[in-house]
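For reference, the structure discussed in these notes is given below.
Please read all numbers here as calculations on a predicted model, not as lab measurements. Every number for a ligand or one of its atoms is a count from 1 in the order of the listing.
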Amino acid sequence: MNILFAASEVAPFIKTGGLADVAGSLPPALARAGHDVHVILPLYEGIGHDWRSQMTFLKHFNVTLAWRSAYCGVFELVRDGVTYWFVDNEGYFKRDTLYGHYDDCERFAFFSRAVLEAAGQLNWPVDVIHCNDWQTALIPVYLLEDRYRIPQLSHAKTVFTIHNIEYQGRFGKQVMDDVLGLDWSYYNDGMLACYEDINLMRGAIIAADYITTVSPTYAQQLRDPYYAHGMEGILGENSHKMQGILNGIDTVLYDPATMPGLAQNFTPRAPVTGKRACKAALQKAVGLTPDPKVPVIACVSRLAGHKGFHLVTEVLDRIMALDVQVVVLGTGEQEYEQAFLDAQSRYPGRFSAQIMYSAALSNVIYAGADLFLMPSVSEPCGLSQMIAMRFGTVPVVRETGGLRDSVPPYNKYTGEGRGFSFANVDSGDLLHVLTQAVELYHTDTKAWRKLQKAGMTADFTWTNSAKLYLDIYQQLLG
Ligand code: GLC
């Protein structure tokens with residue numbers, strides 16, 4: 001099969017969130033299964049010289065967007081069995097950040113059109129176009145017409161994956177004529193119209209041949225207005241073509257045996273001395289008092305409301321009364337940044353607030369911490385709980401979305417499970433399970449090691465999930 005995978009961010013080239021990790025690790029898994037996979041993404045300013053020097057220029061052409069005819073260059077880089085196409089237009093992509101610009105609709109409408117145009121211009125007949133989130137949601141919509149204009153797309157099928165329903169791509173309806181260049185029938189028949197606005201994700205939900213989301217539990221939750229943010233109706237109507245597939249992680253990259261930058265590498269068979277060294281290094285790196293015995297609780301996350309940090313701040317002093325150390329790494333809403341900085345000054349040597357984004361420090365934390373706290377209100381999949389488990393750090397999560405699907409809770413009678421979990425969005429419940437976790441850590445080393453080992457040896461590879469995607473592609477192609 002010829003699979004064209006379109007995403008607005010792809011690791012290791014450029015990343016702001018979990019979408020980039022998925023776009024960086026699912027396509028190589030599809031390629032390993034014997035398919036020809038091309039990944040296409042914008043050539044942002046932030047994609048560094050090291051990568052650019054490995055690219056070759058393929059071609060340039062113009063892309064039509066309403067009244068515009070915009071320059072589009074395509075650069076190619078082959079890596080790990082996958083061909084990467086980078087879409088160049090400096091006016092749209094030479095910016096200091098990926099998203100959040102006044103013309104985001106235009107930028108990603110351009111990108112979506114460019115994806116379709118590239119298949120034709122570079123003469124690559126496509127079987128499946130796999131689109132991800134609102135930035136590529138126009139692809140299935142444009143394809144409804146472009147497949148008659150571009151022969152390489154004539155039989156292409158589309159899959160649209162929802163990584164997070166909270167970002168839908170909503171814009172004022174003036175973009176119809178000025179940017180999208182689509183006939184008003186696309187609005188009037190309800191494909192793009194949503195509460196008087198244009199909603200790109202809604203368009204993809206209707207126009208795509210198949211919809212997936214990133215965990216089975218989230219797929220269920222998206223029928224519920226609490227989680228679906230206005231999309232529950234349209235998702236309900238389209239549930240016959242929808243499925244939840246749990247993400248994998250890049251287990252070669254996130255391997256405690258080989259990860260560079262750790263105080264000591266370790267394996268699931270003999271994690272103890274390695275983790276001890278990594279814990280000491282973590283405590284030193286983030287200003288926690290060196291102490292091998294005290295449990296270190298870690299959070300690595302965007303500090304956004306739906307990540308559930310209000311549950312942590314509500315009971316912060318009671319958590320600290322458990323005799324633990326806490327390290328938080330991430331940036332986000334001012335309210336949480338401030339609360340964690342305050343905690344750092346009130347609990348010197350015991351609470352560390354690292355208000356920044358750092359991949360290197362996150363690895364030091366995954367490897368060195370004892371517990372990984374993820375109290376998300378909603379979590380489509382979540383990758384960091386899986387990474388933490390790979391590194392023998394036991395997760396404490398709320399039972400939602402992919403957290404529920406990847407962290408079976410500890411059963412004190414059988415010793416089974418991979419972590420601790422609580423059901424309700426309730427800080428008392430969080431405190432209760434965290435207390436149980438800390439108690440087990442102190443009192444039952446054997447049970448603790450078993451939990452660590454279950455997480456470290458769990459299968460978080462893409463092998464199974466890639467197969468589920470391939471089944472969908474195959475089914476669509478008949
Ligand atoms: C989004 C979701 C996260 C998921 C990731 C990759 O960032 O919020 O839960 O793991 O996409 O699918």
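- Among all non-hydrogen protein atoms, the one lying nearest atom 7 (O) of ligand 1 is Gly18 N, 3.9 Å.
- At least one heavy atom of Gly382 sits less than 4.0 Å from an atom of ligand 1.
- Under the 3.5 Å distance criterion, with hydrogens and angles disregarded, a donor-acceptor pair is assigned to the side chains of Gln221 and Thr400.
- The ligand atoms of ligand 1 that sit less than 4.0 angstrom from a heavy atom of Val22 are 6 (C), 12 (O).
- Looking at ligand 1, you'll find an N or O of Glu379 within less than 3.5 Å of one of its N or O atoms.
- Among all protein heavy atoms, the one lying closest to atom 2 (C) of ligand 1 is His163 O, 3.2 Å.
- Lys467 contributes atom NZ, which lies 4.0 Å from atom CG of Asp471 (distance to the nearest 0.5 angstrom).
- Atom OG of Ser25 and atom CG of Asp250 lie 5.5 Å apart (nearest 0.5 Å).
- Atom NE2 of His432 is surrounded by 12 or fewer heavy atoms from other residues, nucleotides or ligands within 6.0 Å.
- Interatomic distance, OH of Tyr473 versus OH of Tyr210, reported as 12.0 Å (0.5 Å rounding).
- Between the side chains of Ser239 and Glu237, no donor N or O sits under 3.5 Å from an acceptor N or O.
- If you look at Asn247 next to ligand 1, the close heavy atoms, those under 4.0 Å, all belong to the side chain.
- For ligand 1 and Val214, the ligand atoms under 4.0 Å from any heavy atom of the residue are 12 (O).
- Those atoms of ligand 1 with a heavy atom of Asn164 less than 4.0 angstrom away are 8 (O).
- Side-chain contact of Thr212 with Thr161: a donor-acceptor pair under 3.5 Å is present, judged by distance alone.
- Where the criterion is an N or O separation shorter than 3.5 Å, residue side chain and backbone included, Gly17 fails it with respect to ligand 1.
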